[in-house]
Amino acid sequence: MRIGELSRRSGVSSRALRYYEEQRLLRPVRRPSGYREFSEDDLDSVRRIRLLLAAGLGTAMIAEILPCMVEGNEGLAAGCPELLDALGGEHDRIAASIAELESARTLLARIIATPVPTPG
DNA sequence: GTTCTAACA
DNA sequence: TGTTAGAA
């Protein structure tokens with residue numbers, strides 16, 4: 001299928017799909033016309049890419065683990081055990097970010113809730 | 001009409 | 001990322 005159809009079926013903009021190819025997340029073949037030709041499997045790949053992006057992973061990481069992702073009974077699973085380490089690292093990195101943001105939120109909430117001292 | 005690349009708001 | 005110009 002061409003990029004327009006994949007865009008419609010996936011709900012992802014053609015601009016984003018071209019970007020995914022540039023990031024090596026998708027490898028469509030080229031027609032003689034120069035048009036990209038995507039496979040049916042690419043539709044699943046796009047869904048997985050969106051999921052992994054939503055999970056906070058970067059395109060570089062996604063490019064590495066995408067070929068290892070397998071459909072489990074409860075969703076996507078890491079088919080390659082050696083990648084669990086990298087995923088664990090991402091998890092910890094996100095957890096650290098959350099901790100920092102929570103500190104910032106608490107600080108702001110405290111400032112907002114502190115009354116201005118009245119003169120006198 | 002659809003897609004391509006490159007570049008800009 | 002969206003959008004657009006100009007070409008195929």
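Naming: A, B, ... by sequence-line order, numbering from 1 per chain. The model shown is predicted, which means the values in this text are computed figures rather than measured ones.
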Atom pairs and distances, side-chain donor-acceptor, residues 98-120 of chain A, under 3.5 Å, sequence neighbours left out:
from: A/Ser103; atom 1: OG; to: A/Ala99; atom 2: O; distance (Å): 3.2
from: A/Thr106; atom 1: OG1; to: A/Glu102; atom 2: O; distance (Å): 2.9
from: A/Thr114; atom 1: OG1; to: A/Arg110; atom 2: O; distance (Å): 2.6

Which part of the nucleic acid, if any, lies within contact of A/Ser13, taking any heavy atom under 4.0 Å across all strands shown: a base, the sugar-phosphate backbone alone, or nothing? sugar-phosphate
Has the side chain of A/Asp42 got a donor or acceptor atom that lies under 3.5 Å from a matching backbone atom of A/Ser39? yes
Given atom CE of A/Met1 and atom P of B/dT2, what is their separation to the nearest angstrom? 17 Å
Counting distance alone, no hydrogens or angles: does the base of C/dT3 have a donor or acceptor under 3.5 Å from a partner atom on the side chain of A/Arg15? yes
Under 4.0 Å between a side-chain nitrogen and a carboxylate oxygen: does that hold for A/Glu21 and A/Arg18? no
Should the pair A/Arg9-A/Glu40 be classified as a salt bridge under the 4.0 Å nitrogen-to-oxygen rule? yes
Rounded to the Å, how far apart are A/Glu22 CD and B/dA7 P? 12 Å
If we count only N and O atoms by modelled type, under 3.5 Å, do the side chains of A/Tyr20 and A/Arg50 hold a donor and an acceptor together? yes
For atom CD1 of A/Ile3 and atom P of B/dG1, their distance in whole Å: 19 Å
Indicate, yes or no, whether a donor-acceptor pair under 3.5 Å links the base of C/dT1 to the side chain of A/Tyr19. no
For B/dT5 and A/Arg30 - does any side-chain N or O of the residue sit under 4.0 Å from the phosphate oxygens OP1/OP2? yes
Phosphate-side-chain proximity, A/Arg31 and C/dA8, N/O vs OP1/OP2 below 4.0 Å: no
May I have the distance from A/Arg2 (atom CZ) to B/dT3 (atom P), rounded to whole angstrom? 5 Å
All stems that DNA chain B takes part in, i.e. 3 or more consecutive Watson-Crick or G-U pairs with distances under 3.5 Å, are B:2-8 with C:2-8
Any donor and acceptor pair, going by atom type alone, linking the side chain of A/Ser45 with main-chain N or O of A/Asp41 inside 3.5 Å? yes
Answer yes or no: is there a donor N or O on one side and an acceptor on the other, between the side chain of A/Ser7 and the main chain of A/Val12, under 3.5 Å? yes
By nearest-nucleotide position on DNA chain C, the 5'-leaning member of A/Leu53 and A/Tyr35 is A/Leu53
Contact class for A/Arg18 vs. all strands (heavy atom < 4.0 Å): base, sugar-phosphate, or nothing? base
